[in-house]
S.K.: 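For reference, the structure I am asking about is given below.
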Amino acid sequence: MTARRRLRRRTARPGRDQRGSGTLLLCAAVAILLVLTWAGAIGGGYAVALHRVRGVADRAALAGAVAYASGTEPCPVARRQTDAESPAVMTGCRAVGDLRRYVVSVDISWPVATRAPGLPRTVHAVAHAGPSEAEVATAVGRAP
């Protein structure tokens with residue numbers, strides 16, 4: 001049999017060469033869908049953790065600022081507020097200023113529930129709290 005006859009024979013039945021291609025396309029589509037779902041779950045887990053750690057940091061900084069304004073040490077109050085939030089950990093606290101002008105800064109870390117290799121296991125947030133500029137201006141005797 002010559003090469004021409006073999007070529008004619010192959011082209012005479014075009015449907016036979018494409019058997020199974022639908023299965024491969026379906027497997028590829030399912031694989032892509034699974035990868036996108038996994039990436040969305042990882043991204044969603046980080047977004048939720050970041051949202052939660054920012055809220056905890058804000059509440060701890062505000063609690064510390066209220067304590068500082070009343071003459072109490074702010075960092076123990078901020079730590080108690082942080083400890084009330086289950087997996088949150090306070091990694092830093094600092095108060096700067098006097099009773100009129102002050103800022104309480106709190107650094108909080110929160111573990112990420114959905115982990116992936118190569119990505120950090122915790123997210124961090126820093127929050128600052130203190131009197132507003134209008135309150136400081138009124139206390140000092142200047143109009144805002």
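Just so you know, these numbers use all the heavy atoms, side chains as well, and skip hydrogens, waters and symmetry mates.
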S.K.: Would you say V56 and V77 are hydrophobically clustered, going by side-chain heavy atoms of ILVMFWY under 4.5 Å?
M.R.: no
S.K.: Quick check: are there more than 12 heavy atoms from other residues, nucleotides or ligands sitting under 6.0 Å from CZ of R52?
M.R.: no
S.K.: Should M90 and I108 count as side-chain neighbours, where that means a heavy-atom distance under 4.5 Å?
M.R.: yes
S.K.: Do Y68 and V96 belong together in a cluster built from hydrophobic side chains that touch within less than 4.5 Å?
M.R.: no
S.K.: Looking at every heavy atom in both A60 and A78, which two are closest together, and how far apart are they?
M.R.: O-CB, 3.5 Å
S.K.: Counting only N and O atoms by type, is there a donor-acceptor contact under 3.5 Å from the side chain of Y46 to the main-chain atoms of P120?
M.R.: yes
S.K.: For A69 versus Y102, what's the shortest heavy-atom pair and its separation?
M.R.: CB-OH, 3.2 Å
S.K.: Taking all atoms of both residues into account, what is the closest heavy-atom pair of T91 and S109, and its distance?
M.R.: CG2-OG, 3.7 Å
S.K.: Hey, what do you get for CH2 (W110) to CZ (R54), rounding to the nearest 0.5 Å?
M.R.: 14.0 Å
S.K.: Where do G64 and P74 come nearest, in terms of heavy atoms and distance?
M.R.: O-CB, 3.1 Å
S.K.: In terms of hydrophobic clustering (I, L, V, M, F, W, Y; side-chain heavy atoms under 4.5 Å; direct or indirect links), are L119 and L50 co-clustered?
M.R.: yes
S.K.: Considering non-hydrogen atoms only, spot the tightest contact between A61 and V106 and give its length.
M.R.: CA-CG2, 3.7 Å
S.K.: Distance from D58 atom CG to H128 atom NE2, nearest 0.5 Å?
M.R.: 10.0 Å
S.K.: Which heavy-atom pair separates P111 from P87 by the least distance, and what is that distance?
M.R.: CD-O, 3.4 Å
S.K.: With hydrophobic residues grouped by side-chain heavy-atom distances under 4.5 Å, do V112 and I42 end up in a single group?
M.R.: yes
S.K.: In chain order, what residues pass the side chain to side chain donor-acceptor pair (under 3.5 Å) check against Q81, with sequence neighbours excluded?
M.R.: none
S.K.: Give, for atom SG of C27 and atom CD1 of I32, the distance between the pair rounded to the nearest 0.5 Å.
M.R.: 11.5 Å
